[in-house]
Participant: 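The structure is given below, and queries will be raised subsequently.
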Protein chains: 2
Amino acid sequence: MAKVTLNQDLKREREKGTFDIEELTNLLDGGRIKTQERRELVEFFSKDPAFKDEVPPEYLSYVDRYEESVRKSCLMFYKINEWMDHKKAGGSVDLYQALLGGMLGSAVLKDGMPFALHYVMFVPTLMGQGTMDQQAYWIGRAWNCSIMGTYAQTELGHGTFIRGLETTATYDPTTEEFVLNSPTLTSYKWWPGGLGHTANYAIVLAQLYTKGVCYGIHPFIVQLRDEETHLPLKGIKIGEIGCKLGMNGTNQGFLGFDKVRIPRDYMLMKNSQVHADGTYVKSASDKLTYGTMIFVRVALIRGVAASYLAKAVTVATRYSAVRHQSELIPGEGEPIIMEYLTQQYKLLPNIAASIGMMFASQWLWDMYNNVTSELEQGDIERLPELHAISCCLKAVSTADAARGIEECRKACGGHGYMTCSSFPITYGMVTAAETYEGENTVLLLQTARYLLKAYSMAKGGNPMPPTVKYLSQSNPMRVPWSNTVTSLIGAYRQVAHGLISETYEKVERLVASGTPSELAANHHSIQLVQCAEAHCRLFLVEKYFEAVKIAKVSQQLRKVLNELSMLYGVYYLLKDLGLFLSYSNVRVSDVATIEEWQNSLLAALRPNAVSIVDSFDISDEILSSPLGAYDGNVYQRLMDEAMKSPLNKQPVNASFEKYLKPFLKSNM
Amino acid sequence: MAKVTLNQDLKREREKGTFDIEELTNLLDGGRIKTQERRELVEFFSKDPAFKDEVPPEYLSYVDRYEESVRKSCLMFYKINEWMDHKKAGGSVDLYQALLGGMLGSAVLKDGMPFALHYVMFVPTLMGQGTMDQQAYWIGRAWNCSIMGTYAQTELGHGTFIRGLETTATYDPTTEEFVLNSPTLTSYKWWPGGLGHTANYAIVLAQLYTKGVCYGIHPFIVQLRDEETHLPLKGIKIGEIGCKLGMNGTNQGFLGFDKVRIPRDYMLMKNSQVHADGTYVKSASDKLTYGTMIFVRVALIRGVAASYLAKAVTVATRYSAVRHQSELIPGEGEPIIMEYLTQQYKLLPNIAASIGMMFASQWLWDMYNNVTSELEQGDIERLPELHAISCCLKAVSTADAARGIEECRKACGGHGYMTCSSFPITYGMVTAAETYEGENTVLLLQTARYLLKAYSMAKGGNPMPPTVKYLSQSNPMRVPWSNTVTSLIGAYRQVAHGLISETYEKVERLVASGTPSELAANHHSIQLVQCAEAHCRLFLVEKYFEAVKIAKVSQQLRKVLNELSMLYGVYYLLKDLGLFLSYSNVRVSDVATIEEWQNSLLAALRPNAVSIVDSFDISDEILSSPLGAYDGNVYQRLMDEAMKSPLNKQPVNASFEKYLKPFLKSNM
């Protein structure tokens, strides 16, 4: 591409900004030093020409794409080593996770990588669930990548409902071995990343049988492939599951066992044990293994939902500052599409939402760390609360992000539909997270179950944990609405409180009339989902305002953050207006005022739209989109991307002589 | 695959059906004979083994996929000829459109076909806009496929706003030629199907200049490639635009002109003419060319939105009758997931919506035909109304369908994410239609502009066209709500009426205070979009009830149709509850009753869910999804699909020796 100068429209938009971009970048990164570290890492990895694709992966065959992703994964891991030498730092799970799960990894391997689960799940599970002896034996080999592992839990027939898993591990005391078996087709493991053709070891979750008794799901280390030939071992039926909507770089696989024997000490025994004679010793606390699941969900909120939404709004916002279309005032030419209120309405609430998710996830992260240290001291009191809030926040943030990404894509018109825009692959990544690590509807119902219990406790006058304290407070309904943060937070609280209490009473009435409680809950499950969503939205709104309040920032930035947090609150109020008219002090006569508030917030934020997304500081390499590049040179970049299509390497495709010409000449 | 018997759960679901499936099939097809004809066509085309893919296209390289799609397209066109010989019928545009646009085409070429625009746009435009002489010259060659055409309108810089197109056609009276030129990069044509490497002719839309005056957009026939060598002609810069979210079989292209000369009579001159001396003669009516655009939108509602949503709910509903998960009542085992109310809530409203769209599109089709015959007699009175309703119905139905397909996909958990499930490709097809043929937000604003005008006319006491007659009727607000169809329709009418009148007044107030009307409209454009949606939803609800009322069907079927139409109305009422609490006689105290109504409709319809989707009568070849096959043999089919992945043809991929083994042995 010829050297280009900055697009003038985009330049003008940048000049409108009223705050210091770097200040917001630092705030979102968690400090100036963190920003610096992140930039160094991005520089080191994403600018390496070895990672550049000559032909974008979407043009390759599926097999070639896989081979390329193995090549690049190896390269990336070598480079991680180089980085650690350079920084004189030891490897940390954090670093690997930043590289593998976050956006940096996606810059190198856009569609996921086959090695990811090795560091994201295999090593952490060894560390969390292996005995000291087991850790000594396995972690060294895993850490220097002499073996490549994955984590095999989900089966063809069972996902979120883990108790239903069918793979069995039956202890044979005569040989001191476990026999792994797949009794049915539906018991085949299905989905684990890297399982198809990459990993040679796996942690396998299976129903443990010993002395004829089933003790439920336990983790086992299983060797899958020969370390020299990579051929599947005897009794291992393995392959990959095929092409998917997205994440096609992950080499997700299936795995069946035909009576595969492993030594007794391949069961991870930190929590529960099977002795040589087959005696089962139960874990001190079942809840201890809960930790990893919650950890992954918390990580998803920032690492997937917030980050990828930030990426999408960056692209759509910059594009909206470059694209001219239609006429707003006849005869005055075509304005940039950002001038249209409907366009601002597609962009700004998603900008606000991505920042809100970052704040909420930071809070949750702190809570997670607190609860984890309490857990280590045997205190499990706050675990149910943490579980409840992490379930609904995972569900709501992944759903918001997925919807937001599609809004951003469509806000870019046809060009958003191009693969090179990066929207399709971004959506593929995020919508997957609506289903994996707990299907969203199931998670919301789990939160709702907690909320009903909490409400019942609140009614009983019990002391309440922080995130549900509002359930024990009475809500003054008769305060008239005003366009203030106080009114806004109050209204969200009233909605969550009102919806939960009403649904609680409905369920109780059904139970009182003789319906089993599970069926009563099922009968009201549409409302229960709403309860969990309302609880989560309240949490997001409150944490947003709190974070802005405590942030140590300049007046200029505080003003912008205030506007963003209010827009977030107002936007979802109007989206869920029915609930607010039902349960809060918002009256029909207030709606026009609130709509004007929304309009004025959109107008106030609009001049800062480009500056805010600039402050997300996502490099062109990570954005990987002609529509969103920093320089705004949209059309030339689109044309350059088109020219990468291998079909454009020749003026006439071979199919002309083979099929088309005979057809056209056939005089049908 | 081994011979399988019907899945027993699915069989039990089918036995619950209370109506005659064939009766509903006939109703939706438009009669018994139409059903028969459709089945014959499906049998003839989709069961032909020549169309079977040995390796599914998603595993091929992009170039191979294109070559395969040309091969299959040729095959398909030969087969169309065979069909016409067999049926002793002449070719009809209808037949081609059924094959190319509808689901049958997608069974053969799942991801779109490069020849489609030849019959969908090229031939019809020749017929609609060519003079008799031009038709005589071109149509024969086009009809027997001696030439292959496309339709080039959209440019890199302009889509829905057609007036902004930049390609120029300047008349040169000295040689009696037009000179086509692309003055800028953004003036390159971008998106036309088949343009990349397939078509050798195109109808090109360009700004017509003659005698120094610009007369706006006109259609020209341009030869793109040599008929013998397929090489691009001099001055033609052509290629394909690259990989997209979906529709990757369509070979969409770009096209630039470097002063390309075409004879004067290559301008299609049925409506406007340029004489040899350069004199421009204006079309009798600009509105005449409107017709094709409306035609395509009307066709989209049934052919894309309703059909593909029907396909998606068929897959998700059958899967929900086979998949067992979790426990509803502890100890009673895992029920099929259809037992969960939240699952019914994802499926049944989408089933109802797809049927509702079919009814509405039928009504619109009739209206389109009436208005077209009036047009031919010079009567353009109902054109604005037709335009307004087709705009919003295109927008709302494609958006509903796209959202519904994603709901269905996610309702199938992880397995919906597999490419073989057919959800990803179905979504790709439908979400494209949210943008093409008029971007949805732009279309809704066009409808809204009409509605404001109509409301102003209604206020003036003028007679109103049928679809907006309600604007001149006063709405009795004080009738208490009851769970009846009358209440339901009344409430929808109140919402549309209330929202439109209120928004009208708001815009008028701004204008009265000195704001230019365009800026006033922009200021209230979020509400204007809501107005168009509310108008459209009212139309959909009314036409649904009307269609059920006039349908000549058995009592059993009528009961089911009544339930479906009521569910449709209740579902969207609760979705948009804020509007109903604001503008209709629904009170907060009614909401619980309406929710119970929804629950009882879900319960009533649930036993018929599988039977209703069976009545859509979509063959396994067209469904093309292991999750939705008629026999319900989900898991074996998923495994069979996985085994088609070329990666599974060898136990060890070449990347092991090349990259992975050296890496694992490197002792990092």
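These numbers were taken from a predicted model, which means no experiment stands behind them. So you know, we letter chains A, B, ... as the sequences are listed, proteins then strands, and number each from 1.
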Participant: Shorter than 4.5 Å, heavy atoms on both sides: which option in B/S589, B/A411, B/P56, B/G428 has the most such pairs with chain A?
Facilitator: B/G428
Participant: Mind checking what makes side chain to side chain contact (heavy atoms under 4.5 Å, CB included) contact with A/P662, not counting sequence neighbours?
Facilitator: none
Participant: Select, from B/N522, B/V588, B/V70, the one with the greatest count of heavy-atom pairs under 4.5 Å involving chain A.
Facilitator: B/N522
Participant: Any idea how B/F254 and B/Y188 line up, ring-wise: parallel (<30°), tilted (30 to 60°), or perpendicular (>60°)?
Facilitator: tilted
Participant: Tell me, side chain or backbone of B/F423 under 4.5 Å from chain A's heavy atoms, or both, or neither?
Facilitator: neither
Participant: Counting heavy-atom pairs under 4.5 Å with chain A, which one of B/S645, B/G196, B/S326, B/P651 comes out on top?
Facilitator: B/S326
Participant: In terms of heavy-atom pairs under 4.5 Å with chain A, which of B/E327, B/K658, B/E657 leads?
Facilitator: B/E327
Participant: Pick one of side chain, backbone, both or neither for B/L60, based on which atoms fall under 4.5 Å of a heavy atom in chain A.
Facilitator: backbone
Participant: Which answer fits B/Y66, side chain, backbone, both or neither, if we ask what part of it has an atom under 4.5 Å from a heavy atom of chain A?
Facilitator: side chain
Participant: Report the distance from atom CD of A/E58 to atom CG of A/N248, rounding to the nearest 0.5 Å.
Facilitator: 11.5 Å
Participant: Quick one: side-chain hydrogen bond (donor to acceptor under 3.5 Å, both in side chains) partners of B/E641, sequence neighbours excluded?
Facilitator: B/K644
Participant: Ring-plane angle category for B/W190 and A/H415, please: parallel below 30°, perpendicular beyond 60°, tilted otherwise.
Facilitator: perpendicular
Participant: Evaluate the ring planes of A/F77 and B/F663, with Trp represented by its six-membered ring, and classify them as parallel (under 30°), tilted (30 to 60°) or perpendicular (over 60°).
Facilitator: perpendicular
Participant: Is A/N648 close to chain B through its backbone or its side chain, or both, or neither, when contacts mean heavy atoms under 4.5 Å?
Facilitator: both
Participant: Can you say whether A/Y345 sits under 4.5 Å from chain B via the side chain, the backbone, both, or neither, judging by heavy atoms?
Facilitator: side chain
Participant: By a 4.5 Å heavy-atom criterion (distance strictly below it), what part of A/A402 contacts chain B: side chain, backbone, both, or neither?
Facilitator: neither
Participant: Counting only non-hydrogen atoms closer than 4.5 Å, does A/P646 touch chain B with its backbone (N, CA, C, O), its side chain (CB onward), both, or neither?
Facilitator: both
Participant: Non-hydrogen atoms of chain A under 4.5 Å away: do they reach the side chain of B/L602, the backbone, both or neither?
Facilitator: side chain
Participant: Given heavy-atom pairs under 4.5 angstrom as the criterion, report whether the side chain, backbone, both or neither of A/Y427 touches chain B.
Facilitator: side chain
Participant: Under a 4.0 Å threshold between the charged nitrogen and the carboxylate oxygen, would A/E68 count as salt-bridged to A/R65?
Facilitator: no
Participant: Is it the side chain or the backbone of A/E596 that comes within 4.5 Å of chain B heavy atoms, both, or neither?
Facilitator: side chain
